[in-house]
Amino acid sequence: MKLPAFAYACPETLEEAVALLAAGAGTAKALSGGQSLLPTMAFRLVAPSLLVDLRKLPGLDRISLGEDGVRLGAKVRWRDIERDARLASAHPLLARAVAHVAHYQIRNRGTVGGNLAHADPAAEMPGVAVTCDAELALTGSKGTRVVRAADFFLGPLSTVLADDELIVEVRLPAWPPGRRWGFEEFALRRGDFALAGVAAYYDPDAEGIARNAHIGVIGACHRAHRLARAEAALNGRAADEQAILASAEVAAAEVDPPTDLHASAAYRRALVQTLLERALLRAAS
Amino acid sequence: MQSQTMLIRFELNGKPVEVEVSARTTLADCLRHQLMQTGTHVGCEHGVCGACTVIVAGEAVRSCLMLAVQVEGQAVTTVEGLSREEALTPLQAAFRKHHALQCGFCTPGMLATAHALLTEDPEADRARIREVLSGNLCRCTGYIPIVEAVFEARAAYVDKSAKA
Ligand SMILES: Cc1cc2nc3c(=O)[nH]c(=O)nc-3n(C[C@H](O)[C@H](O)[C@H](O)COP(=O)(O)OP(=O)(O)OC[C@H]3O[C@@H](n4cnc5c(N)ncnc54)[C@H](O)[C@@H]3O)c2cc1C
Ligand code: FES
Ligand code: FES
């Protein structure tokens, strides 16, 4: 369908953008890549009175690497991540997960900030952010606050963002050398949203014992979240096949997947088990 | 609610254009309905089919997922800008040779996508071509001829980037 009518603003500063959103009192919406917002409007699921285009806001399109990890500005596009050769070693999990996002043309426009704000439970980036204990910097009329990714997502398409708040940056903690990791998802077609997916890593100690296991799920959930019991099943054990199968079995019991027209909850649960087995076997090999 | 209208200027296939659009007008509709460039096709209007692909500032985008007001000041290339008067371009010739179209509905999007890809990555292998074309749906050809056509057209782009 055609888009519902709206007014359009293209501010040049973050302060102006925030002020426009504040004045809109919940009926104004930020426009970043438009790759989720415009389809949602075409379906007439939302009809904002004002779109505040972020395209002229300076400084939000940087990928910076430092001692404290990887910082992605809200306007960093999938394309920028894909083309940043440093990320393959600086954050291999991010690079691999983002390779699964959407298609060429969408990747040229879609942004990290828009994706996190949209909060699709099947999206890859929220899964990476939650699994890696990322923090999100949010700027609104009252200033900037930092929120843990785990606290940011409330449910499908729902976050703690206030009406006048923008995501400005996501911060992924540094990736230590020697970390073992895997990312696996299943989608019906390449580039589609995942029916289920898992991100996993652990840091083996000198004896090869898995420590600091982080396991996150997407798709088979109402919001991306970590699987504490599956992590506990892996922590403190040598990451051999037995430990991996045990962790994956726990994960399948731990998730609470939805049933919708794409897949049943039982199918998604089985996917989580298989995908986590694959991810951890890859991590261990 | 009344939609706001705005006057925008951009470059379309190498020529400057000026057009008054309402904020809600997508780039696809602006091209087709206002600038009468109907080569760009609209299949789904919500970002899944790729028929509406055009090239903005050198990058392939879905013109149904971009507002016309967002291309202010930019260079836009549509399928009309990918042909020339005298003869078929290498990409067109490869599509013809490999029967890479039947009804032709998806073709403008396929051509725009392939042109953007080969311009930025003339060495794209078959796997990359398939990956990129996964964003464009075709109900007729079964895709293999399209992949073959794009693969064959690479040579022309390698030469071009060598010259540049
Ligand atoms: C066919 C198709 C397939 C796709 N497949 C996938 C997939 O497999 N995986 C995946 O993850 N995504 C997928 N996407 C979505 C795509 O990645 C989007 O680009 C992304 O989800 C949203 O980013 P955007 O920049 O386009 O945001 P927009 O569409 O511009 O905005 C989305 C929402 O975020 C808000 N917003 C935007 N920027 C900010 C900000 N800085 N601060 C606060 N709020 C903000 C907007 O108001 C809006 O509510 C797909 C999209 C399409 C059309
Ligand atoms: S018409 Fe734009 S993607 Fe289908
Ligand atoms: S040729 Fe008919 S849709 Fe592709």
Side-chain angles (χ1 to χ4, degrees), chain A residues 1-10 12 24 27-29 31-56 75 77-80 82-83 99-111 114 118 187-193, chain B residues 1-6 8 21-29 33 42 44-74 109-110 112-114 116-117 120-121 124 127-137:
Chain A
M1 260 191 280
K2 303 298 175 199
L3 302 175
F6 53 84
Y8 173 84
C10 194
E12 314 225 349
T27 70
K29 270 199 162 288
L31 173 65
S32 188
Q35 307 299 290
S36 292
L37 181 56
L38 298 184
T40 321
M41 288 171 64
F43 281 121
R44 303 289 172 108
L45 295 174
V46 291
S49 63
L50 170 69
L51 290 192
V52 179
D53 194 342
L54 308 184
R55 79 186 151 96
K56 289 189 182 160
K75 295 202 301 179
R77 302 170 301 166
W78 308 127
R79 175 194 177 91
D80 306 321
E82 181 177 63
R83 296 180 150 241
H100 288 272
V101 178
H103 308 278
Y104 185 57
Q105 302 91 338
I106 295 162
R107 299 163 64 81
N108 284 341
R109 304 266 317 145
T111 66
H118 189 61
L188 287 180
R189 285 166 301 258
R190 198 194 158 96
D192 281 10
F193 279 103
Chain B
M1 167 176 190
Q2 269 275 302
S3 191
Q4 176 190 354
T5 62
M6 298 169 79
I8 57 163
V21 291
S22 90
R24 68 192 279 235
T25 305
T26 61
L27 176 58
D29 283 350
H33 300 162
V42 173
C44 66
E45 263 184 345
H46 61 257
V48 300
C49 76
C52 66
T53 303
V54 301
I55 302 169
V56 176
E59 295 172 359
V61 303
R62 288 176 165 7
S63 61
C64 72
L65 294 189
M66 206 170 164
L67 303 176
V69 292
Q70 294 184 290
V71 299
E72 164 80 42
Q74 312 232 49
M110 292 286 181
T113 303
L117 170 66
E120 66 183 21
D121 184 8
R128 174 72 177 149
I129 292 170
R130 294 178 85 98
E131 184 205 332
V132 166
L133 292 180
S134 74
N136 293 62
L137 301 184

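When reading the values below, keep in mind they use all heavy atoms of this one structure, side chains included, and skip hydrogens, waters and symmetry mates.
Among the candidates A/A47, A/G34, A/G191, A/P39, the residue making the largest number of heavy-atom pairs closer than 4.5 Å to chain B is A/P39. The residue among B/T26, B/L133, B/L117 with the most heavy atom pairs within less than 4.5 Å of chain A is B/L117. Ranking A/R107, A/Q105, A/R190 against chain B, the residue ahead of the rest is A/Q105, based on heavy-atom pairs under 4.5 Å. For the options A/G33, A/P4, A/A102, A/C10, heavy-atom pairs under 4.5 Å to chain B are most numerous at A/P4.
How far CD of A/Q35 is from CE of B/M66: 9.0 Å, rounded to the nearest 0.5 Å.
Heavy atoms of B/A112 lying under 4.5 Å from chain A are absent altogether. Of the two parts of A/L51, only the side chain, counted from C-beta on, holds a non-hydrogen atom closer than 4.5 Å to a non-hydrogen atom of chain B. Proximity to chain B (any heavy atom under 4.5 Å) is restricted, for A/R109, to the side chain, taken from C-beta onward.
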>> Applying side-chain contact (heavy atoms from CB on, under 4.5 Å) to A/F6 and B/L67, what does each step give before you reach the verdict?
In response: CA-CA 12 Å; A/F6 53 84; B/L67 303 176; 3.9 Å; yes
> Are B/Q70 and A/D53 close enough, and set up right, to give a side-chain contact (heavy atoms from CB on, under 4.5 Å), and what steps lead you there?
Replying inline: CA-CA 8 Å; B/Q70 294 184 290; A/D53 194 342; 3.0 Å; yes
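Annotation: side-chain hydrogen bond (donor to acceptor under 3.5 Å, both in side chains) contacts of A/R44 (sequence neighbours excluded): none. Applying the salt bridge (charged side-chain N to carboxylate O under 4.0 Å, His left out) rule to B/E45 yields the partners A/K2; only residues at least two apart in sequence or on another chain are considered.
Listed by first then second residue, pairs satisfying salt bridge (Lys or Arg N to Asp or Glu O under 4.0 Å) with a partner in residues 51-66 of chain B read A/R77-B/E59, A/R79-B/E59, not counting sequence neighbours.
Taking both residues in full, the closest heavy atoms of A/Y104 and B/A60 are given as CE2-CB, 3.8 Å, listed atom of the first, atom of the second, then distance. Scanning both residues, A/A42 and B/H46, for their nearest heavy atoms gives CB-CB, 4.3 Å.
Using a cut-off of 4.0 Å between Lys/Arg side-chain N and Asp/Glu carboxylate O, A/R55 and B/E72 are scored as not salt-bridged.
Listed by sequence position, B/T53 are the residues of residues 48-57 of chain B in contact with chain A, using a 4.5 angstrom heavy-atom cutoff.
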